[in-house]
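Only one structure is covered here, and it is reproduced in the block below.
Heavy-atom basis, side chains included; hydrogens, waters and symmetry copies ignored.
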Amino acid sequence: MKRREILKGLALLPLTSSLASKASAFAATTPTPPKPPARDLFKELGVTPVINASVTMTFLSGSLMLPEVLEAINSTSHDFANMYELQDKVGGKIAEMLQVESAMVTSGASCAILLSTAAAITGTDHEKIRLLPNLPGPQPEVIMQKTHRYLFDQAVTTTGAKIIEVEGNDEMEKAINERTVMALFFNAAGKSSITHEDFVAIAKKHNIPTLLDAAADVPPVENLFKFQKIGFDLVTFSGGKMIRGPQSAGLLFGRKDLITAARLNHSPNEAPIGRPMKVNKEEMFGMYAALKAYLDRDHKKEWQDWLDRTKHIGSQLETVQSVKTETVVDPGPANAFPSLKVTWDESKVKIKPEEVVTALKTGTPSIVANGGKDHLTVGVVLLRPDQIDIVAGRVRSILQGAV
Ligand SMILES: *Cc1c(COP(=O)(O)O)cnc(C)c1O
């Protein structure tokens, strides 16, 4: 766990302050608002466009791809590519950028967990690859800490492997046997009974490959380098969270022999278990462009932009009587960025946080925010620059309407 920063007592901006002067700073790291499209497919299909004042969520289409990503996809859409060659070249570049032996683009972190497990089971044995998940013989075992069990570990058991739960170094050491194929560390688990370093050391002593799932764990950008340095054999991040690549993409990187085996278990090969998790050239070029843009970004400036956003929205909301706001930074490791916590005196502003959430969601445009028992959380990092004042205005008018 890192810090929990609460930045209180933010100075009020002039109430009339326009965002126009700030728009250029915001625009630097955020997709620009679209011109009205020639053909509006949202309208044509009757799909509601949503403003995401929360965090990246798969059901809400991940994040908005960066302009660099859209450009990478569009500019490469006119030619075919050999997918083996493309994965070689893109993987090579990504490995170079992340200072690891090898890397690949998957269809997401979930896919990366499945492919890692498959790779640990099969190696480069074509017969085993063909048979997965119905390998004859003893069931392969993957070690996880009890407190690290999570929904996404179904990607482990999909391969036919069984999860062995352990607590503490001794149990981990004792659990390792000839059926053990991998040890999985969920980086954002609330509690760990084994440190990253010990987990790696125990696994290495017994020659068991380790995978670390850090799907949602940037920012900070340093996390893209931290875990391979600790010694994890494989690391995965989602492409469609704060790296802002295609949501149907992810990164898997680390040891060359394991990445080679993971690729044999994946599309474009026809038969393996990973074939239904196909990745095409759009995701490959897009993921490469997204990672490059993410690494090249001025992260300090982006962080300041986020703080400016919370401050700006906060100052507008505090014009409603009894409303107080503060910038809160999630301690992470997942979603470790600022958002705005909004509270009010319910005897003066007669509405509950969940009711504000519902009003935001069912209004036009539809806005997704989060409500706690006693507060509303307005996320700012996924807003387009032109949406900042829309969100501020809507929350303000809902609160004002309840006075
Ligand atoms: C989002 C997430 C995943 C799934 O990632 P996808 O890229 O959507 O497949 C897996 N693990 C954790 C911890 C996540 O946050």
Side-chain angles (χ1 to χ4, degrees), residues 83-84 87-133 135 140-144 152-153 155-161 163 176 178-187 196 199-215 224-239 249-269 272-275 277 279 284 287 291:
M83 294 304 299
Y84 294 102
Q87 184 74 286
D88 277 347
K89 300 281 163 64
V90 164
K93 273 288 182 207
I94 292 173
E96 212 174 277
M97 289 192 270
L98 298 179
Q99 299 160 22
V100 286
E101 284 178 14
S102 191
M104 68 184 291
V105 178
T106 67
S107 67
S110 231
C111 170
I113 296 166
L114 180 138
L115 292 181
S116 300
T117 315
I121 296 170
T122 65
T124 56
D125 185 324
H126 288 274
E127 189 57 11
K128 286 183 179 169
I129 290 169
R130 194 180 66 80
L131 289 172
L132 218 60
L135 217 52
E141 295 179 358
V142 170
I143 289 177
M144 285 185 78
F152 292 107
D153 65 35
V156 170
T157 52
T158 302
T159 64
I163 293 169
I176 296 175
E178 63 287 351
R179 296 180 299 279
T180 310
V181 292
M182 192 177 82
L184 168 60
F185 196 105
F186 168 31
N187 195 51
H196 290 79
F199 195 86
V200 166
I202 295 166
K204 275 212 194 314
K205 185 171 147 197
H206 298 276
N207 240 332
I208 305 298
T210 47
L211 165 66
L212 178 119
D213 174 4
L224 281 164
F225 302 89
K226 182 175 172 183
F227 304 106
Q228 56 271 44
K229 284 187 189 139
I230 291 177
F232 282 91
D233 296 307
L234 292 170
V235 178
T236 181
F237 283 86
S238 290
L251 296 169
L252 177 62
F253 55 87
R255 238 168 71 187
K256 190 168 171 42
D257 61 322
L258 292 169
I259 296 292
T260 300
R263 284 185 56 180
L264 289 173
N265 277 285
H266 195 216
S267 173
N269 300 295
I273 191 165
R275 167 63 192 225
M277 291 148 235
V279 172
M284 299 229 185
M287 195 63 241
L291 181 64

Least distance between heavy atoms, Met277 atom then Ile273 atom: CE-O, 3.6 Å
Pro272 backbone acceptor or donor facing Arg130 side chain under 3.5 Å: no
Separation of Phe237 CZ from Thr106 OG1 (nearest 0.5 Å): 12.5 Å
Side-chain heavy-atom pair Val90, Met287 within 4.5 angstrom cut-off: no
Nearest non-hydrogen partners of Pro140 and Gly160, listed with the distance: CD-O, 4.1 Å
Within 6.0 angstrom of Lys93 NZ, more than 12 heavy atoms from elsewhere: no
Residue pair Leu264 / Thr122, side-chain heavy-atom distance below 4.5 Å: no
Nearest heavy atoms of Met182 and Ala120, plus distance in Å: CB-CB, 4.0 Å
Beyond-backbone contact of Gln87 with Pro268, side-chain heavy atoms, under 4.5 angstrom: no
Check: Asn269 side chain, Arg263 main-chain N or O, donor-acceptor pair, under 3.5 Å: yes
Check: Asn265 and Thr159 side chains under 4.5 Å, non-hydrogen atoms: no
Nearest heavy atoms of Pro133 and Thr158, plus distance in Å: CB-O, 3.4 Å
Geometric class of the His196/Phe232 ring pair [parallel <30°, tilted 30-60°, perpendicular >60°]: perpendicular
Approximate separation, where rounding is to 0.5 Å, of Phe253 CZ and Ile94 CD1: 9.5 Å
Within-4.5 Å side-chain heavy-atom neighbours: Val100 and Ile259: no
Worked check of side-chain contact (heavy atoms from CB on, under 4.5 Å) between Phe185 and Asp213: CA-CA 6 Å; Phe185 196 105; Asp213 174 4; over 6 Å; no
Heavy-atom pair of closest approach, residues Ala262 and Met104: CB-SD, 3.8 Å
Side chain to side chain, Ile176 and Ile202, heavy atoms closer than 4.5 Å: yes
Minimum-distance pair of heavy atoms, taken over all atoms of Val200 and Gly231: CG1-O, 3.6 Å
Sub-4.5 Å side-chain heavy-atom contact between Lys128 and Ile121: no
Close side-chain approach of Ile208 to Ile143, heavy-atom, < 4.5 Å: no
